Number of protein chains: 2
Amino acid sequence: MDPAKQRRLEAAGWRVGTAAEFLKLSPEESAYVEMKFLLSRRLRDARLKEGLTQAELAERLGSSQSRVAKMEAGDRSVSIDLLLRALLQMGLSPRQIARVIG
Amino acid sequence: MDPAKQRRLEAAGWRVGTAAEFLKLSPEESAYVEMKFLLSRRLRDARLKEGLTQAELAERLGSSQSRVAKMEAGDRSVSIDLLLRALLQMGLSPRQIARVIG
DNA sequence: GCAAGGTATGTCGAATCAGGCATAGCACAA
DNA sequence: TTGTGCTATGCCTGATTCGACATACCTTGC
């Protein structure tokens, strides 16, 4: 957020902070959520790069369109395990995956 | 395995191969298992480096000694999610974790 | 030998996560 | 507008994973 906007909001009585602050996440929880977010975004990029729909990717993964949507959204019901398996299935190497989270 | 030993075994009628071959793992499955193994070994190293017993680490993680043993063994019942959370709890940064799997 | 401290293994009930279905939302062409 | 293709969301049910407990299995020192 740009500083000017933040000043305007705070002048209007709003408190401005990060999602982690709002949700009272510990540093470890924040890092976990961040890693998950990065992996989910990478999955979406990989799918779009191959010109696939969520349904097509789902079929390739042996899953469903709705689950792919949730994977890409970093939904609470999606584990990092699932994201990692999906990315490996998309042909990413462990090294490439490491670059995503590091 | 050293070549001489392999020759001896094969001369005795044994077939020699990798775990992945024996278990008929796809490349993706192999990579997944490998990542999990690397993470579990890193957790053990981190624990020993701090001079903790499994029980002490378990308490720090809000878990149990038996589960820590399984984490370090890369047991089937242990998810990569759990290993990642444990490593973050041990103070590793996402960057350090990336170096483990990459 | 055996006792103690640490680690591994098997099992359980509870919690979480999986895939799948239904359907809502959303953008765009006809 | 309506229809069509794609994506998002809510819920259900079964599978997996969780922490926990009991107990077996080492080592090491007595």
Side-chain angles (χ1 to χ4, degrees), chain A residues 19 23-26 28-90 97 101, chain B residues 19 23-26 28-90 97 101:
Chain A
L23 296 171
K24 298 184 174 49
L25 297 182
S26 67
E28 295 80 19
E29 289 167 332
S30 294
Y32 178 81
V33 171
E34 168 79 356
M35 285 175 49
K36 190 154 139 183
F37 168 74
L38 292 171
L39 291 169
S40 64
R41 201 182 46 174
R42 185 72 180 78
L43 179 63
R44 163 157 301 184
D45 292 348
R47 174 175 67 83
L48 294 177
K49 190 172 170 191
E50 301 223 7
L52 300 173
T53 66
Q54 290 181 344
E56 288 166 339
L57 174 55
E59 189 174 11
R60 185 188 290 197
L61 299 178
S63 183
S64 59
Q65 179 270 327
S66 62
R67 188 131 294 271
V68 171
K70 284 163 188 167
M71 287 186 210
E72 294 185 353
D75 188 276
R76 251 191 58 78
S77 79
V78 172
S79 70
I80 285 189
D81 272 86
L82 187 63
L83 290 169
L84 291 177
R85 283 193 295 257
L87 288 169
L88 289 171
Q89 209 69 26
M90 290 295 282
I97 292 174
I101 69 176
Chain B
L23 296 171
K24 300 186 174 44
L25 297 183
S26 68
E28 295 79 19
E29 290 167 331
S30 293
Y32 177 81
V33 170
E34 168 79 357
M35 285 174 51
K36 189 154 138 183
F37 168 73
L38 292 171
L39 291 169
S40 65
R41 203 182 44 176
R42 186 73 179 79
L43 180 63
R44 163 157 301 184
D45 291 348
R47 174 176 66 84
L48 294 177
K49 190 172 168 191
E50 302 223 6
L52 298 174
T53 66
Q54 290 181 344
E56 287 166 341
L57 173 55
E59 189 173 11
R60 186 188 291 196
L61 299 177
S63 185
S64 59
Q65 178 269 328
S66 61
R67 188 132 294 273
V68 171
K70 284 163 186 166
M71 289 187 210
E72 294 185 354
D75 189 276
R76 253 190 58 77
S77 78
V78 172
S79 70
I80 285 188
D81 273 85
L82 187 64
L83 289 169
L84 291 177
R85 284 195 292 260
L87 287 169
L88 289 171
Q89 209 67 27
M90 290 295 281
I97 291 174
I101 69 175

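Note on naming: letters A, B, ... go to the chains in the order of the sequence lines (proteins, then strands), and numbering restarts at 1 for each one. None of these values were measured; they are calculated from a predicted model.
Nearest approach of A:Asp75 to A:Lys36, heavy atoms of both residues: O-NZ, 3.3 Å. Considering every non-hydrogen atom in both A:Ala58 and A:Ser64, the closest pair reads CB-C, 3.3 Å. What you find for A:Leu57 and A:Met90 is that their closest heavy atoms are CD1-SD, 3.3 Å.
Of the possible polar contacts, none joining the A:Lys70 side chain to the A:Arg76 backbone as a donor-acceptor pair under 3.5 Å is found.
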Does the protein touch nucleotides 7-22 of chain C at the base, only the backbone, or not at all? Give it as B, S and - per nucleotide, heavy atoms under 4.0 Å. BBBBB-----SBBBB-
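The number of heavy atoms from other shown groups lying within 6.0 Å of CD (B:Glu59) does not exceed 12.
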